[in-house]
Amino acid sequence: EDQVTQSPEALRLQEGESSSLNCSYTVSGLRGLFWYRQDPGKGPEFLFTLYSAGEEKEKERLKATLTKKESFLHITAPKPEDSATYLCAFPNSNSGYALNFGKGTSLLVTP
Amino acid sequence: NAGVTQTPKFRILKIGQSMTLQCTQDMNHNYMYWYRQDPGMGLKLIYYSVGAGITDKGEVPNGYNVSRSTTEDFPLRLELAAPSQTSVYFCASSTGAGNTIYFGEGSWLTVV
């Protein structure tokens, strides 16, 4: 069964303390690996899509990378406003390529 | 640009009641989706539509119905509400299969 697994479930960082979130995947014929950010009480907000191993994309303090088995979301020198739940997802061929989401990593950045 | 708009934001239902969650998008997207999100369980696909007049079941369709009479609107109907349907519901849309999905702000539903 195609799926993504995210780790850790929760992560607490001090402001400025860099770290990485992991999304491991087992997907046949991957048609993109998506990253979203979700703030409490809000809908998920699109961050990145990666399509091939070795690809990297950056936005402010976030950089997403992709290998043949995993994707990482690297957070450099995080700020409290980076606190959110980060979700990874893949298009599921069994449901019209709707995105199938992982359970997310809840990130808390303290001052 | 409003994007994806859901109503109501909050609703409390009694067991056995019915209701419709409304969803409209102004991006002229062909594809629309309904997800539910429960604590610790992630987002689960309920139904999706690839265009007006076409709908299909997702992972957790039981207890729900949808219709897609226009490109803009994709209402979700709950029949005979049950406590298990207490959840946060998200409507979303995209330009096509496997493309970026854009979400609404969510509808919080409690069944008591």
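- The most heavy-atom pairs under 4.5 Å with chain A, out of B/V50, B/L43, B/V88, B/L45, come from B/L43.
- When each of B/G40, B/G104, B/C91 is checked for heavy-atom pairs under 4.5 Å with chain A, B/G40 comes out on top.
- In the hydrophobic cluster analysis, where Ile, Leu, Val, Met, Phe, Trp and Tyr join through side-chain heavy atoms closer than 4.5 angstrom, B/V4 is grouped apart from A/L47.
- Atom CD1 of B/I12 has 12 or fewer neighbouring heavy atoms from other residues, nucleotides or ligands inside a 6.0 Å radius.
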Atom pairs, donor to acceptor, chain A/chain B, distance under 3.5 Å:
residue, atom, partner, partner atom, Å
A/Y36, OH, B/I101, N, 3.0
A/Y36, OH, B/I101, O, 2.7
A/Q38, OE1, B/Q37, NE2, 2.9
A/Q38, NE2, B/Q37, OE1, 3.0
A/K42, NZ, B/E105, OE1, 3.2
A/G96, N, B/Y48, OH, 3.3
A/Y97, O, B/G98, N, 3.3
A/L99, N, B/Y35, OH, 3.3
A/L99, O, B/Y35, OH, 2.6

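- In this view, A/R12 satisfies the salt bridge (Lys or Arg N to Asp or Glu O under 4.0 Å) rule with no residue, not counting sequence neighbours.
- Between chain B and the options A/G104, A/G32, A/G102, A/G43, heavy-atom pairs under 4.5 Å are most frequent for A/G43.
- Minimum interatomic distance between A/G96 and B/A97 (heavy atoms only, all atoms of both residues): O-CB, 3.8 Å.
- Looking at B/I101, the atoms closer than 4.5 Å to chain A (heavy atoms on both sides) sit in the backbone and in the side chain alike.
- Put simply, A/L13 and A/L87 are part of two different groups of oily side chains (I, L, V, M, F, W, Y) that touch within less than 4.5 Å, one to the next.
- A chain of hydrophobic side-chain contacts below 4.5 Å, direct or via other Ile, Leu, Val, Met, Phe, Trp or Tyr residues, connects B/L21 to B/V111.
- Taken together through direct or relayed side-chain contacts under 4.5 Å among Ile, Leu, Val, Met, Phe, Trp and Tyr, B/F74 and B/M19 form part of one hydrophobic cluster.
- Under the 4.5 Å side-chain contact rule for hydrophobic residues, A/L50 and A/L62 share a cluster.
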